[in-house]
Amino acid sequence: MFLKTGDKVRVIAGKDKGKDGTITRTIAAKNRVVVDGINMVKKHQKASQNNPQGNVSDVAAPIDASNVMLLDPSTNKPTRIKVEIKDGKKVRISKKSQKAID
């Protein structure tokens, strides 16, 4: 997976299409990412000693990594990337502006 925690992305498919957000968690085994404020679902919590009332809270659910595109740091538009090896390290390069994403 070419996405990392902290990347700025735009959703390109689904109910939140067109929204921007920051990746808070990646799940590489399932090719999914959790984006802050995107794909919010209701989570019901049962009453317990610590939480005697119980509640219903909004939680960001994971979405497939293919439904988001990385944002170019210079133009703030979605872009594809290529990976080049510089000084023995992999560097992600924007195809639109040819600038490093990291």
Side-chain angles (χ1 to χ4, degrees):
M1 184 180 336
F2 60 90
L3 298 167
K4 296 180 182 177
T5 302
D7 285 343
K8 303 228 183 282
V9 294
R10 180 166 295 154
V11 179
I12 59 171
K15 68 178 183 179
D16 294 319
K17 182 177 180 178
K19 293 183 182 177
D20 294 347
T22 304
I23 294 179
T24 56
R25 191 166 66 117
T26 60
I27 307 167
K30 294 185 177 182
N31 197 36
R32 291 180 158 266
V33 292
V34 177
V35 182
D36 191 34
I38 304 294
N39 198 25
M40 301 301 282
V41 296
K42 301 278 187 193
K43 180 166 172 101
H44 296 257
Q45 293 183 333
K46 188 175 179 180
S48 64
Q49 258 187 337
N50 295 338
N51 187 11
Q53 281 289 54
N55 63 356
V56 179
S57 58
D58 287 328
V59 178
I63 60 175
D64 200 89
S66 66
N67 291 341
V68 297
M69 275 188 93
L70 212 51
L71 290 177
D72 191 330
S74 58
T75 62
N76 204 28
K77 291 185 178 180
T79 182
R80 294 183 180 187
I81 63 163
K82 62 182 176 180
V83 177
E84 291 182 356
I85 297 176
K86 293 186 179 180
D87 300 327
K89 290 190 174 187
K90 291 181 182 178
V91 179
R92 299 180 300 166
I93 309 272
S94 166
K95 286 211 172 185
K96 285 190 178 179
S97 66
Q98 301 299 319
K99 294 187 179 179
I101 300 242
D102 297 324

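On a predicted model such as this, the values are computed, not experimentally measured, just so you know.
- Going from atom CD1 of Ile63 over to atom NZ of Lys15 covers 10.0 Å, rounded to the nearest 0.5 Å.
- Taking 4.0 Å as the cut-off between side-chain N and carboxylate O, Asp7 and Lys4 do not count as a salt-bridged pair.
- For Lys77 (side chain) and Lys96 (main-chain N/O), no donor-acceptor pair under 3.5 Å exists by modelled atom type.
- Residues Val56 and Gln45 are not in side-chain contact: their nearest non-hydrogen atoms beyond the backbone lie 4.5 Å or more apart.
- Atom CD of Gln98 is separated from atom CD1 of Ile93 by 7.5 Å, given to the nearest 0.5 angstrom.
- Proximity of Arg10 to Lys17: side-chain heavy atoms (C-beta onward) are nowhere separated by under 4.5 Å.
- For the atom pair CZ (Phe2) and CZ (Arg80), the distance works out to 10.0 Å, reported to the nearest 0.5 Å.
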Exercise. Please step through side chain to side chain contact (heavy atoms under 4.5 Å, CB included) for the pair Ile85 and Val91, ending with a clear verdict.
Key: CA-CA 6 Å; Ile85 297 176; Val91 179; over 6 Å; no
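- In this structure, CG in Asp58 is found 12.5 Å from NZ in Lys43, a value given to the nearest 0.5 Å.
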Show every donor-acceptor pair shorter than 3.5 Å between a side-chain atom in residues 27-40 and any protein atom, with sequence neighbours excluded, or say none if there are none.
{"unit_1": "Arg32", "atom_1": "NH1", "unit_2": "Pro62", "atom_2": "O", "d": "3.1"}
{"unit_1": "Asn39", "atom_1": "ND2", "unit_2": "Ala61", "atom_2": "O", "d": "3.4"}
{"unit_1": "Asn39", "atom_1": "ND2", "unit_2": "Pro62", "atom_2": "O", "d": "3.3"}

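- For the pair Lys8 and Asp20, the salt-bridge criterion is not met [side-chain N within less than 4.0 Å of a carboxylate O].
- Put simply, CD1 on Ile23 and CZ on Arg25 are 12.0 Å apart, with the number rounded to the nearest 0.5 Å.
- Here the CD atom belonging to Glu84 is positioned 4.5 Å from the NZ atom belonging to Lys82, to the nearest 0.5 angstrom.
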Below 3.5 Å, can you tabulate the donor-acceptor pairs from side chains in residues 65-73 to any protein atom, sequence neighbours excluded?
{"unit_1": "Ser66", "atom_1": "OG", "unit_2": "Asp64", "atom_2": "OD2", "d": "2.7"}
{"unit_1": "Asp72", "atom_1": "OD1", "unit_2": "Ser74", "atom_2": "N", "d": "3.1"}
{"unit_1": "Asp72", "atom_1": "OD1", "unit_2": "Ser74", "atom_2": "OG", "d": "3.1"}
{"unit_1": "Asp72", "atom_1": "OD1", "unit_2": "Ser97", "atom_2": "OG", "d": "3.1"}
{"unit_1": "Asp72", "atom_1": "OD2", "unit_2": "Ser94", "atom_2": "OG", "d": "2.9"}
{"unit_1": "Asp72", "atom_1": "OD2", "unit_2": "Ser97", "atom_2": "OG", "d": "2.9"}

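- In terms of hydrophobic clustering, with Ile, Leu, Val, Met, Phe, Trp and Tyr side chains grouped at heavy-atom distances under 4.5 Å, Met1 and Val11 are assigned to a common cluster.
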